[in-house]
Each structure stands twice: as C-alpha cells, then as structure tokens.
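Note that this is a predicted model, so its numbers are computed, not measured. To find a chain, count down the sequence lines: A is the first, B the second, and so on, and within it residues start at 1.
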Protein chains: 2
Amino acid sequence: MPLRSIKPPHETRTRILDAAEELFMQHGFEGTSMRLLTAKAGANLAAVNYHFGSKDALIEAVFRRRLDAMNAQRIAELDRLEKEAGGRALSPNAIIRAFVGVSLRMIEDARDGGRNFIRLLGRTYSDPHKPIRALIGQLYAPAMARFKPAFERALPQMPRDELIWRLHFMFGTLAYTIAATDTVHLIAGCKPEDRYDARLLEARLTAFLEAGLLAPPHTAEDVKKAA
Amino acid sequence: MPLRSIKPPHETRTRILDAAEELFMQHGFEGTSMRLLTAKAGANLAAVNYHFGSKDALIEAVFRRRLDAMNAQRIAELDRLEKEAGGRALSPNAIIRAFVGVSLRMIEDARDGGRNFIRLLGRTYSDPHKPIRALIGQLYAPAMARFKPAFERALPQMPRDELIWRLHFMFGTLAYTIAATDTVHLIAGCKPEDRYDARLLEARLTAFLEAGLLAPPHTAEDVKKAA
DNA sequence: GTCTATAGACGGATAGAC
DNA sequence: GTCTATCCGTCTATAGAC
C-alpha cells in the first residue's frame, strides 16, 4: 500500500472547492481573496490557477459541482412520483416537496459541506451580477422545464401569468429560507430550537408555500386598494 | 441670486449616498471601490473620508438614510389602521399591506433612487456579514416590535412558534421579490409586462402571503413524510 | 470643502525551479 | 502538481496645499 500524502482527506482540487464554498458564502466572491482561500484549503496560492484557470472559473466550478446533481435529483424525484401516480395528476404539495426537499436536506449536511453550498446559493440568487445570473439560470433550466409543466398540470384552472408569479414567490421564499434560516431571531427575539431540523422545517415551509400557491386569485379591487 | 456650482442636482454628500446605493446594489460592498463610487458621484476620492470617515461608515449611512424613514412609515400606517378600526382587531391582510406596501412602492421610485436602495436592501438580507446583520436588525427592531404583536392579536389562535416562522417566510418572500423581481423570466421564459406595476405586484404578493400566513398548521404526519 | 499626491497594504496572475 | 518569487495593478486612507 503506497504512502499517502499528509494533506488529504481529499485531493487539492476538492479541498479548494470546499474552501471556496465556505468563504464565498461568508464573504462573497469579491470579498474572498485567493490567498485566504488557498491557505484555508491547505494549498498553494498558484494552485487555483493551475486547477481552474482563474478565480472566475473557480466560481463557476463551485456551482457546477453541486447544482447539476441537485437538479437531477429533483427531476428523478418527480419522475418517481409520476410513475407511482399512474396517469393521475400529482398534488401541488407533492411537487413542492420534490423541489424544496433537496435544498432543505442539504442544510443539515454539515459533513461534506453541503450546508455551506446551500447558503452560498441562497445569497447568490439575489446577486445582480450578469454572468452569475446567466450561470444560475442555465444550471436551473432543465429542472424548471420539468417542474413548470408539472405545476400547470396540477393546477389547470390557474391563469398562467398568476402561476408564474407564484412560482417566483415560492422560489424566493426557499432562497431566503436557506440563506438566512439563522436569522429567525430577528423576529423571534430568541432562537427557536428546531431551526436545523430539516424535516420540521420542510413541513413548515411546505404548508406555507402550498397555501400561497393555492391562494384565491387577487381581485381588481385588491389592485385598487394597493394605491 | 447666487451662482450655483455646476455639480448639483444635489450636494456632494447626497450624491455620494446615491452613487453608493446603485453601486453597492450592483457589485456588493467589497466589489465597489471608492474610486469608482466618487467618480460616479462627481466627487473627489477624498470626499468619502471627509464626509463619512470611512467606507464602513458610508455603508452604515446608506442604510440609516432610508430605513428609519421606511419603518416609521410602516408604524404610522399601522397606527392609522388601528385608529380607524376602533377597538376591533385588524385583518391579517391589512397588516401585511402596511408592511410590504412601503417596500413595493419604492420599486417604482426611480426618480430619487429608492429603487436602487430597495434592491440593495433585498440582497443585503442574505449577507451573513456580522456587522451588517447587526445593523439591519437594529434598524428593523422598532417596526418588528410593533408588527409582531399586531399579528399576534390578529391571529390569537396561532401557536407562537408557528407564527414566528411564518413571519420569517413572509419577510423572505418580500426580500427576494424586491431584490430579484426582474428574474421572473427564469421561470416564465419571457418577461411579463406587469413586473414594475407596484399595485398589481402588491395585490399578487399580498394574496400569496396572506394565504401562507393563514395556512392550516402542519401535522405530525407532514413531518414524517419529510423523511 | 475640495483638491493632488502618495503611503502602504493587498489583489490576481504568472514564470520558472523542482 | 507543487512551490517560491515577483510583476503590476488597485485598494483604502491620509497628509497637506489651496
């Protein structure tokens, strides 16, 4: 058995990606220097350029590593549900769970750093930087193309533009929840005990999102009241 | 009438704050240099340190300028509603509108730059940087202290921990909505026409939030399903 | 209050030895 | 693949003239 270097748990490339997830989450992309990052990864400063080419390419690699797998998991889950249902339409509740469950379960995944990534992802949704937006949009496209028709089928009576906005709101609630779950104390005054119990959080969030998705449509009067 | 400098519409201090809102929104705090910022403001590089002391102090001033007024407006609106209602409890719908309306109306306010601030605010909610979090929490505290009891009174039957989570979700939906309203096309595939009609957006968002707030509580079975 | 000039630290990226 | 050394640009902040 060959001697292994002192460095692992993982290879340099992997350690850099792990460090990047944590530091980008904490300090943002521009606020994270390659010096700090490589130091945290136990790698040399030049290693980022050797393995990824540039800082920007590293950022892209960070998202590709996880998002493709996450969205594949969502689609597989939806496939499974539809197969189980035979020809019957799925409930909105089940479709919501298939989407949000993947993210929420990662909150608990402290072992391999999924928790860092999911929080990074949550804060990146509200980053207006164009290349980032384009990348995120591209990586989500397959899942969106699969879930939107599923919701349309589950809610055939809902106007399409209303549905789009409600999916948008749901997406936003999820994004904020995964980015800022540890700020509930802003509202509570103290931290609830269950904040990292993914199953309880999924039940709470799904109840909220399902009700919002199925809300009665707004009326012309509601629009007038908003003056 | 004395000759005015070529520089105004506003004073240097104001122009710096306006430029800061726009650039911080676009590039984040760390991604915005004082060189670019003062250039955009038509001011000298040294002006930031003269007027604010440091970059960090400028960041704080950017939030103080708007948030105190916004939250005072929210509280005044709630005062007015309660006075109108005499002793009767307010509807959750009305309380929600009093809170979200202030933010949503600013989305349309391109004239004095409120739109830039509101988008900056939306993305700052998911910034984990501790001093920023502390500042935001501090500036929101008076409004939170006023709105939480109002919701509790409107929903006396709802368990307190459930209410806290639902307020948290509502806060998050609003944050994402104001930060990323121009990304609906991610879901839609094309941009809806009404994205900047504040009244329509308020009606849509309020319908969603009210339903989520009033959702039936999750059951023990829901938690089990989330495995 | 506004300017120029500059200090002094830090940024990403690369060349070239091993 | 990994290292050291270094180029060169940018950063915040300040000193001091006007």
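- Note on B/Thr12: every side-chain N or O is 4.0 Å or more away from OP1 and OP2 of C/dG1.
- Checking C/dA13, C/dT2, D/dC11 against the side-chain heavy atoms of B/Ser33 singles out D/dC11 as nearest.
- Checked by atom type and distance alone, the side chain of A/Arg105 never pairs as donor or acceptor with a backbone atom of A/Ala198 at under 3.5 Å.
- Between the C1' atom of C/dG11 and the CD1 atom of A/Ile59 lies a distance of 14 Å, rounded to the nearest Å.
- Residues from residues 47-54 of chain A with heavy atoms under 4.0 angstrom of DNA chain D, sorted by number: A/Tyr50, A/His51.
- Under the 3.5 Å distance criterion, the side-chain polar atoms of A/Arg15 are matched with a main-chain donor or acceptor of A/Ala41.
- A donor-acceptor pair is defined here as one N or O able to donate and one able to accept, closer than 3.5 Å; no such pair exists between the side chain of B/Arg199 and the backbone of A/Ala226.
- In this structure, the nucleotide among C/dA13, D/dC3, D/dT14 sitting nearest to the side chain of A/Ala46 is D/dC3.
- Applying the 4.0 Å criterion to OP1 and OP2 of C/dG1, one finds that B/Asn44 has every side-chain N and O outside that range.
- The listed nucleotides are D/dT4, C/dG12, D/dA13; the one nearest the side chain of A/Lys55 is C/dG12.
- Atom CD in B/Glu30 sits about 14 Å away from atom C1' in D/dT10, given to the nearest Å.
- Note: CG (A/Leu45) to C1' (C/dA13) measures 8 Å, nearest angstrom.
- The CE atom of B/Met34 sits 9 Å away from the C1' atom of D/dT12 (whole-angstrom rounding).
- Judged by closest nucleotide on DNA chain C, B/Arg35 is the one of B/Arg35 and A/Leu36 placed further toward the 5' end.
- Shown are B/Ile178, B/Ile118, B/Leu121; of these, the side-chain contact (heavy atoms from CB on, under 4.5 Å) with B/Met106 is made only by B/Ile118.
- The residues B/Glu77 and B/Arg74 are annotated as not salt-bridged, no charged nitrogen and carboxylate oxygen being separated by less than 4.0 angstrom.
- Note: CZ (A/Phe29) to P (C/dG11) measures 17 Å, nearest angstrom.
- Side-chain rings of B/Phe171 and B/Phe147 stay apart, their centers remaining 6.0 Å or farther from each other.
- No contact: A/Thr38 has no heavy atom under 4.0 Å from any strand.
- Judged as a salt bridge (Lys or Arg N to Asp or Glu O under 4.0 Å), and not counting sequence neighbours, the contacts of A/Arg97 are A/Glu202, B/Asp222.
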